[in-house]
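Here is the structure we will look at, set down as C-alpha cells.
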Amino acid sequence: WTFDVGAMLPWTQLFGTSSRAEVEKIAREEESPPVQWVGPNQETFLQEWKDEPCQYHPITNECVWFNHAQVFHWSTFPAELWYAF
C-alpha cells in the first residue's frame, strides 16, 4: 500500500496476470466495483469505489466521518506528477 501514486504497482503485477478478463473475473468474485479500462489505448485499470461518508463507531454508535478522498487527490502526489493531472 502506498500514498505515492508513482510507486504503485501496474495492474499486471498487482493481480498477477496480464489478462483483462481474469482481472474482471477477480473483481466480480470479490464483489468489488466493476473494472473500467481507460486511457488512449484503453489499457489503464480504473475501479471507482463509492461508499457512505460515515462509519458507525462499534461502541458509541456515533456516526464518524470517513474521508478517503485525499489518498489519490492530485495534491498529495509528488511534484513531478502534478502536471500529469
Just by distance, do the side chain of [X] and the backbone of [Y] share a donor-acceptor pair under 3.5 Å?
| X | Y | result |
| --- | --- | --- |
| Ser32 | Ala27 | yes |
| Gln47 | Pro33 | yes |
| Gln42 | Gly39 | yes |

What closest approach, in Å, do Phe15 and Ile26 show between heavy atoms, and which atom pair accounts for it?
->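 Heavy atoms only, the tightest pair is CD2-CD1, 4.0 Å.
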
Mind checking the [atom1]-[atom2] spacing from [X] to [Y]? Nearest 0.5 Å is all I need.
| X | Y | atom1 | atom2 | result |
| --- | --- | --- | --- | --- |
| Leu46 | Trp37 | CG | CH2 | 10.0 Å |
| Lys25 | Arg28 | NZ | CZ | 8.5 Å |
| Cys63 | Gln55 | SG | CD | 8.5 Å |
| Phe45 | Thr12 | CZ | OG1 | 11.5 Å |
| Thr17 | Trp11 | OG1 | CH2 | 6.5 Å |

State whether Arg20 and Glu24 are salt-bridged, where the test is any N-O pair (Lys NZ or Arg NE/NH1/NH2 against Asp/Glu carboxylate O) under 4.0 Å.
->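 Between Glu24 and Arg20 there is no salt bridge, as every charged N stays at least 4.0 Å from the carboxylate O atoms.
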
